[in-house]
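Shown next, in structure tokens, is the structure this report addresses.
Note that ligands are numbered from 1 as they come in the structure, with each ligand's atoms numbered from 1 the same way.
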Amino acid sequence: MKKILVLDACVRREESRTKKMLDRALETLKEVHADWEFEVLTLMDLDLKYWNTESLKARDELLAKKAYDAPVFAYGRQFQQADGIIVAAPFWDLSVPAVLKVYIENVSADGVTFGCNEQGLYGLCKAQWMLFLTTRGGVWEGSDMEQGGSYMEALCQFFGIDTYYHIYADGLDMVDLDGKAILEAALDEVEHVCRGL
Ligand SMILES: Cc1cc2nc3c(=O)[nH]c(=O)nc-3n(C[C@H](O)[C@H](O)[C@H](O)COP(=O)(O)O)c2cc1C
């Protein structure tokens, strides 16, 4: 049985277009893989904290002792153990909402999700793939300024996740574009990709 970790950073919740993509992904995967287990983390509901001076020092002391079973690494252990990861987050300020960045801070730990040796950094995560779902107000396809999808792709490399799927609906807030049709096309793509996972 595969364990799929689902990270929901759709801050607008039921109003979110990105959440519609996530719902379609889950519907499809549950239909195709009745035996897969889905662990859904609604990031807005977690008591996630970014590292401050004191909490980072405390975490680093645990890392130095290799105390990886400490509660502070629980999200990291869960992330490391997942067989596949789905992330749904809208495009905010050229990147992703802060709640997702804070979650990443919490899972990113030397010895938990990545390692380091003389050759450099290497990933420790079990997941074979990450599926990143997003919607964007403007059209950003191919732009170097787009730092949401490219950030998640870089994280896959960092954590040792070999395959990265990125599905986006671009231009949803542009008045001269048909946002409804763009979203429908993205939902079809989500379904198509999920049927192949
Ligand atoms: C706080 C915030 C920041 C945003 N930043 C950008 C941006 O940098 N570029 C852009 O094209 N759209 C931006 N948008 C628009 C969203 O990307 C767009 O509305 C998206 O579809 C929202 O997804 P949702 O419906 O899932 O909430 C921003 C929206 C919000 C609320």
Side-chain angles (χ1 to χ4, degrees), residues 4-32 38-52 75 78-79 82 84-108 127 129-158 161 163-197:
I4 309 301
L5 179 62
V6 181
L7 307 174
D8 177 355
C10 300
V11 179
R12 295 194 313 125
R13 299 183 192 249
E14 295 314 312
E15 285 177 39
S16 160
R17 284 85 54 98
T18 316
K19 177 73 164 53
K20 291 188 172 38
M21 293 171 74
L22 177 59
D23 290 346
R24 179 69 66 90
L26 291 177
E27 270 163 40
T28 309
L29 288 172
K30 284 176 183 174
E31 183 198 318
V32 178
F38 297 87
E39 297 176 299
V40 181
L41 295 185
T42 304
L43 300 189
M44 297 78 75
D45 293 338
L46 306 182
D47 188 24
L48 291 168
K49 300 256 190 321
Y50 61 84
W51 302 125
N52 63 25
Y75 287 127
Q78 181 186 40
F79 189 94
I85 296 171
I86 303 174
V87 184
F91 186 58
W92 276 17
D93 308 314
L94 304 181
S95 180
V96 293
V99 71
L100 178 55
K101 180 65 176 68
V102 175
Y103 171 84
I104 299 295
E105 277 193 9
N106 278 263
V107 299
S108 184
W129 51 262
M130 176 187 282
L131 169 63
F132 178 54
L133 307 171
T134 194
T135 64
R136 307 191 287 224
V139 174
W140 293 92
E141 187 172 8
S143 167
D144 291 345
M145 290 170 70
E146 192 285 311
Q147 304 279 304
S150 54
Y151 173 55
M152 298 312 294
E153 183 169 22
L155 284 173
C156 280
Q157 278 184 41
F158 180 44
I161 301 169
T163 305
Y164 177 65
Y165 302 96
H166 179 197
I167 305 177
Y168 49 84
D170 241 357
L172 291 195
D173 296 339
M174 295 182 68
V175 285
D176 51 337
L177 295 180
D178 184 349
K180 204 162 170 266
I182 295 167
L183 185 60
E184 278 305 322
L187 291 171
D188 287 347
E189 193 184 348
V190 169
E191 184 165 340
H192 176 74
V193 168
C194 287
R195 287 194 181 280
L197 284 175

Tell me, yes or no, whether the heavy-atom count around Asp144 atom CG, taken from other residues, nucleotides or ligands under 6.0 Å, exceeds 12.
-> no

Side chain, backbone, both or neither: Asp173 near ligand 1, heavy atoms under 4.0 Å = side chain

Do side-chain atoms of Glu39 reach the backbone of Leu41 as a donor and acceptor pair under 3.5 angstrom?
-> no

Ligand 1 atoms in contact with Thr18 (distance to a heavy atom under 4.0 Å) = 23 (O), 24 (P), 26 (O)

Side-chain ion pair, Lys180 and Glu184, N-O less than 4.0 Å | no

Is there a nitrogen or oxygen of Ser16 sitting under 3.5 Å from a nitrogen or oxygen of ligand 1?
-> yes

Counting both backbone and side chain atoms, is some N or O of Pro90 under 3.5 Å from an N or O of ligand 1?
-> no

Glu105 bridged to Lys49 by N-O distance under 4.0 Å = no

Compare Tyr168, Trp92, Phe91 and give the one whose heavy atom is closest to atom 17 (O) of ligand 1.
-> Phe91

Within 45° cone and under 6.0 Å: Lys30 NZ/CZ vs Phe38 ring = yes

Counting heavy atoms under 4.0 Å, the part of Arg12 that contacts ligand 1 is side chain

Give yes or no for whether the N/O distance cutoff of 3.5 Å, strictly under, is met between Trp140 and ligand 1.
-> yes

Out of Thr135, Ile182, Thr134, Asp93, whose heavy atom sits nearest atom 3 (C) of ligand 1?
-> Asp93

Find all atoms of ligand 1 within a distance of less than 4.0 Å from any non-hydrogen atom belonging to Gly138, and give their numbers and elements.
-> 10 (C), 11 (O)

Close side-chain approach of Glu146 to Leu94, heavy-atom, < 4.5 Å | no

Distance only, no hydrogens: is a donor on one side chain within 3.5 Å (strictly under) of an acceptor on the other, for Tyr164 and Gln157?
-> no

Asp8 (side chain) donor-acceptor with Ala88 (main chain) under 3.5 angstrom | no

Contact check: Leu172 vs ligand 1, nitrogen or oxygen atoms, below 3.5 angstrom = no

Distance to 0.1 Å, residue and atom name: give those for the protein heavy atom nearest to atom 12 (N) of ligand 1.
-> Gly137 N, 3.4 Å

